[in-house]
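To start, the structure under review is shown below, and the notes come after it.
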Amino acid sequence: MESNYRIENKTLYITTEGISSNLDDVKQFSHSMFELCLRNSCDKILADDRLQENNLSDFELFELAEYQSHIMPAIIKMAIVTNKKQLEKIRLWESTGRNRGAKVKLFIDLETADKWLNE
């Protein structure tokens, strides 16, 4: 998985592409992302994952959401933009995270995701 980021108006914008198939790598990436937010006083994350293929199992997605909801600072609101092909698979991650108090939401459109982040 490759990624690029920029920070603008207290928002971390991340673009990822490639294949996510290793849970530990994705956890490490998440941890780095949250630390980057805190170091730069960001309170929002907009991740454009439309070019990423998620090969994590349902169990791994559940475990990832649990992990992220425990380490994600409460001030952070995160929107993930995915492609239609991946949307239903990743809904488990969204539901698990939201049920554990994380402010996360999935989208297939960047503009809608950005609007939600700024509500």
Side-chain angles (χ1 to χ4, degrees):
M1 177 176 74
E2 295 180 28
S3 66
N4 294 302
Y5 74 89
R6 77 181 197 291
I7 297 170
E8 188 176 302
N9 300 322
K10 296 179 72 173
T11 302
L12 174 62
Y13 293 92
I14 301 172
T15 302
T16 62
E17 59 182 84
I19 298 173
S20 291
S21 57
N22 183 296
L23 178 60
D24 290 332
D25 289 347
V26 179
K27 283 181 175 180
Q28 179 60 40
F29 178 78
S30 299
H31 188 266
S32 298
M33 183 175 58
F34 298 145
E35 283 187 344
L36 184 62
C37 270
L38 291 176
R39 281 195 312 269
N40 291 279
S41 301
C42 296
D43 58 2
K44 297 177 281 238
I45 298 171
L46 178 55
D48 183 354
D49 291 350
R50 292 175 295 174
L51 298 177
Q52 181 179 339
E53 183 179 337
N54 189 317
N55 287 340
L56 298 177
S57 69
D58 287 349
F59 179 77
E60 289 171 321
L61 286 169
F62 178 83
E63 188 176 329
L64 176 63
E66 288 234 314
Y67 172 79
Q68 289 176 327
S69 64
H70 284 91
I71 69 162
M72 184 164 62
I75 62 165
I76 294 178
K77 188 175 182 181
M78 182 166 61
I80 305 288
V81 182
T82 189
N83 57 57
K84 290 180 182 180
K85 178 181 169 188
Q86 298 277 318
L87 184 64
E88 287 310 311
K89 178 178 182 169
I90 302 173
R91 286 266 183 232
L92 172 64
W93 169 87
E94 178 189 40
S95 296
T96 303
R98 291 174 71 92
N99 287 339
R100 280 148 185 78
K103 293 180 259 182
V104 297
K105 191 164 172 106
L106 285 176
F107 299 90
I108 56 171
D109 175 69
L110 279 172
E111 187 177 311
T112 307
D114 195 45
K115 188 175 181 179
W116 176 79
L117 277 176
N118 291 296
E119 289 180 339

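Computed from a prediction, not measured in an experiment: that's the story for all the values here.
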[atom2] on [Y] to [atom1] on [X], rounded to 0.5 Å:
| X | Y | atom1 | atom2 | answer |
| --- | --- | --- | --- | --- |
| T82 | D49 | OG1 | CG | 6.5 Å |
| M78 | C37 | CE | SG | 9.0 Å |
| K105 | L117 | NZ | CG | 11.0 Å |
| F59 | L23 | CZ | CG | 8.5 Å |
| N40 | E8 | CG | CD | 13.0 Å |
| E35 | I71 | CD | CD1 | 8.0 Å |

Single-linkage hydrophobic cluster, 4.5 Å side-chain cutoff, [X] and [Y] together:
| X | Y | result |
| --- | --- | --- |
| Y13 | L38 | no |
| F107 | I80 | no |
| L36 | V104 | yes |
| Y5 | L51 | no |
| L56 | F29 | yes |

For the student: nearest non-hydrogen atoms of [X] and [Y], plus distance:
| X | Y | answer |
| --- | --- | --- |
| K27 | L64 | CG-CD1, 4.1 Å |
| A102 | M72 | CB-CE, 3.3 Å |
| W93 | Q68 | NE1-OE1, 2.6 Å |
| I75 | C42 | CD1-O, 4.2 Å |
| N55 | S21 | CB-CB, 3.9 Å |
| R50 | I108 | CD-O, 4.5 Å |

Side-chain donor or acceptor of [X] paired with backbone N/O of [Y] under 3.5 Å:
| X | Y | value |
| --- | --- | --- |
| S69 | E66 | yes |
| Q28 | D25 | no |
| R6 | L12 | no |
| D114 | L110 | no |
| Q86 | N54 | yes |
| E94 | L106 | yes |

### Task
Report yes or no: do N4 and T15 form a side-chain donor-acceptor pair below 3.5 Å?
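No, no side-chain donor-acceptor pair sits under 3.5 Å.
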#### Entry: Short side-chain donor-acceptor distance under 3.5 Å, K44 and N9
no
### Query
Are I14 and I45 close enough, and set up right, to give a side chain to side chain contact (heavy atoms under 4.5 Å, CB included), and what steps lead you there?
CA-CA 8 Å; I14 301 172; I45 298 171; 4.2 Å; yes
### Query
Does D109 CG have over 12 foreign heavy atoms under 6.0 Å away?
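Correct, the count exceeds 12.
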### Message
Can you confirm whether E2 is buried at CD, in the sense that more than 12 heavy atoms of other residues, nucleotides or ligands lie under 6.0 Å from that atom?
### Response
no
### Message
Within 45 degrees of the ring normal and closer than 6.0 Å to the centroid, is that where the cationic atom of K77 sits relative to W116?
### Response
yes
### Task
Would you sort out whether K89 and L61 count as a side chain to side chain contact (heavy atoms under 4.5 Å, CB included), showing the intermediate values?
CA-CA 9 Å; K89 178 178 182 169; L61 286 169; 3.9 Å; yes
